[in-house]
**Student:** 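Structure provided below as structure tokens; questions to follow.
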Amino acid sequence: MSSDYEQQRSRLSGEHTEQPNEEPWADLELSLPHGRSPTGIVSVVERVLVELTHEDVGAEFVSTNLTGVKRTQFIAVDDVGQRFQKRYFDDRLGWHETIVSRGAVRNELVSRLSRLSLDRIDEPPNGEPDTFRVMSLHQF
């Protein structure tokens with residue numbers, strides 16, 4: 001029987017079916033809702049934090065609802081991965097940026113990736129799913 005981590009790697013790789021990429025973070029992409037266990041979510045978030053610290057990448061959570069698109073991006077701002085730039089975009093309010101701790105990023109990502117889509121019940125059934133992905137900084 002495979003471990004939760006191996007199942008997660010398999011599912012993440014299966015969700016990203018484009019050309020194979022040599023980047024270790026290329027398969028870090030999720031759509032909500034998903035079937036991950038709480039332990040699996042923490043594992044994904046920890047892996048994301050390592051990649052943010054050691055690679056020129058950022059993490060982005062995108063939510064689309066009746067009021068528009070909301071984006072939250074995280075980018076490491078120091079070499080030890082203890083401080084991150086959090087960039088938030090709302091169609092109505094524009095961009096807002098702040099510096100947050102590693103713990104704050106971890107807690108927010110675990111919370112967002114753990115939540116059920118209960119806040120989207122009143123939306124049309126064909127609405128866009130919330131998405132989370134890690135991508136190179138030049139894609140931001």
Side-chain angles (χ1 to χ4, degrees):
M1 180 172 221
S2 61
S3 70
D4 191 36
Y5 176 77
E6 290 167 346
Q7 291 173 357
Q8 166 193 320
R9 290 277 302 168
S10 174
R11 283 189 297 244
L12 284 172
S13 296
E15 290 173 5
H16 190 72
T17 58
E18 294 176 18
Q19 294 180 352
N21 194 333
E22 298 299 319
E23 304 296 344
W25 45 266
D27 63 347
L28 287 171
E29 186 172 315
L30 294 171
S31 293
L32 275 71
H34 55 71
R36 302 234 185 311
S37 69
T39 304
I41 293 168
V42 170
S43 177
V44 168
V45 170
E46 290 298 334
R47 186 169 163 223
V48 166
L49 289 170
V50 168
E51 296 302 333
L52 291 177
T53 302
H54 299 294
E55 300 289 334
D56 290 331
V57 297
E60 180 178 60
F61 187 88
V62 179
S63 177
T64 305
N65 57 35
L66 294 175
T67 61
V69 174
K70 296 178 181 171
R71 295 179 183 276
T72 304
Q73 300 173 340
F74 298 98
I75 302 166
V77 295
D78 63 21
D79 292 338
V80 293
Q82 295 302 310
R83 294 180 353 163
F84 292 81
Q85 179 184 40
K86 177 181 177 181
R87 299 170 54 187
Y88 177 76
F89 174 80
D90 183 308
D91 276 340
R92 298 171 295 153
L93 304 172
W95 285 100
H96 174 73
E97 298 180 10
T98 188
I99 301 296
V100 295
S101 69
R102 180 183 193 92
V105 173
R106 183 184 190 281
N107 290 341
E108 184 169 342
L109 289 178
V110 167
S111 175
R112 284 182 177 223
L113 296 175
S114 297
R115 78 172 180 205
L116 299 174
S117 294
L118 295 176
D119 57 340
R120 299 178 61 122
I121 289 174
D122 60 343
E123 294 186 27
N126 59 353
E128 294 293 319
D130 291 351
T131 59
F132 174 75
R133 66 183 179 152
V134 173
M135 58 189 164
S136 71
L137 291 178
H138 75 271
Q139 291 178 296
F140 276 175

**Student:** Quick one: ring pair (Phe, Tyr, Trp, His ring centres under 6.0 Å) partners of F89, sequence neighbours excluded?
**Tutor:**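 Only W95 meet the ring pair (Phe, Tyr, Trp, His ring centres under 6.0 Å) criterion with F89.
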**Student:** Apply side chain to side chain contact (heavy atoms under 4.5 Å, CB included) to T131 and list each qualifying residue two or more places apart in sequence or on a separate chain.
**Tutor:**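 Side chain to side chain contact (heavy atoms under 4.5 Å, CB included) list for T131, sorted by chain: S31, V62.
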**Student:** Which residues pass the side chain to side chain donor-acceptor pair (under 3.5 Å) test with E108, sequence neighbours left out?
**Tutor:** K86, R112
**Student:** Under the salt bridge (Lys or Arg N to Asp or Glu O under 4.0 Å) rule, what pairs show up with a residue in residues 50-59, not counting sequence neighbours?
**Tutor:** none
**Student:** Please, which pairs that meet ring-ring contact (aromatic ring centres under 6.0 Å, His included) have at least one residue in residues 38-85, sequence neighbours excluded?
**Tutor:**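 Sorted result for residues 38-85: empty, none.
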**Student:** Could you list the residues that satisfy salt bridge (charged side-chain N to carboxylate O under 4.0 Å, His left out) with R106, not counting sequence neighbours?
**Tutor:**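 By the salt bridge (charged side-chain N to carboxylate O under 4.0 Å, His left out) rule, R106 matches E46.
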**Student:** Residues in side chain to side chain donor-acceptor pair (under 3.5 Å) with T67, at least two apart?
**Tutor:**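 By the side chain to side chain donor-acceptor pair (under 3.5 Å) rule, T67 matches N65.
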**Student:** Got a sec, which residues hit side chain to side chain donor-acceptor pair (under 3.5 Å) with T53, two or more places apart in sequence or on another chain?
**Tutor:** R102
**Student:** Show me the donor-acceptor pairs within less than 3.5 Å that the side chains of residues 132-140 make with the rest of the protein, sequence neighbours left out.
**Tutor:**
| unit_1 | atom_1 | unit_2 | atom_2 | d |
| --- | --- | --- | --- | --- |
| S136 | OG | H138 | ND1 | 2.8 |
| Q139 | OE1 | S136 | N | 3.2 |

**Student:** Donor-acceptor pair, distance only, cut-off 3.5 Å: does the side chain of S114 make one with the backbone of V110?
**Tutor:** yes
**Student:** For residues E60 and E29, determine if any side-chain heavy atom of one lies less than 4.5 Å from a side-chain heavy atom of the other.
**Tutor:**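 Answer no - side chains too far apart.
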**Student:** Is the shortest side-chain heavy-atom distance between V44 and R36 below 4.5 Å?
**Tutor:** yes
**Student:** Looking at L32, is its backbone amide N or carbonyl O close enough to the side chain of D130 to form a donor-acceptor pair, meaning the two atoms are under 3.5 Å apart?
**Tutor:** no
**Student:** Rounded to the nearest 0.5 Å, what's the gap from CD on Q85 to CG on D78? Could you check?
**Tutor:** 12.0 Å
**Student:** So, the side chain of H34 versus the backbone of L113: is there a donor-acceptor pair under 3.5 Å, distance only?
**Tutor:** yes
**Student:** For R87, what residues pass the salt bridge (charged side-chain N to carboxylate O under 4.0 Å, His left out) criterion, not counting sequence neighbours?
**Tutor:** E97
**Student:** Please give the remaining members of the hydrophobic cluster of I99, linking ILVMFWY side chains under 4.5 Å, ordered by chain and number.
**Tutor:** V77
**Student:** Indicate, with yes or no, if Y88 and V100 share a hydrophobic cluster defined by side-chain heavy-atom contacts under 4.5 Å among Ile, Leu, Val, Met, Phe, Trp and Tyr.
**Tutor:**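 Each belongs to a different hydrophobic cluster.
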**Student:** Set out, in order, the CA-CA distance, both residues' side-chain angles and the distance that settles side chain to side chain contact (heavy atoms under 4.5 Å, CB included) for V57 and L52, then state yes or no.
**Tutor:** CA-CA 6 Å; V57 297; L52 291 177; 4.0 Å; yes
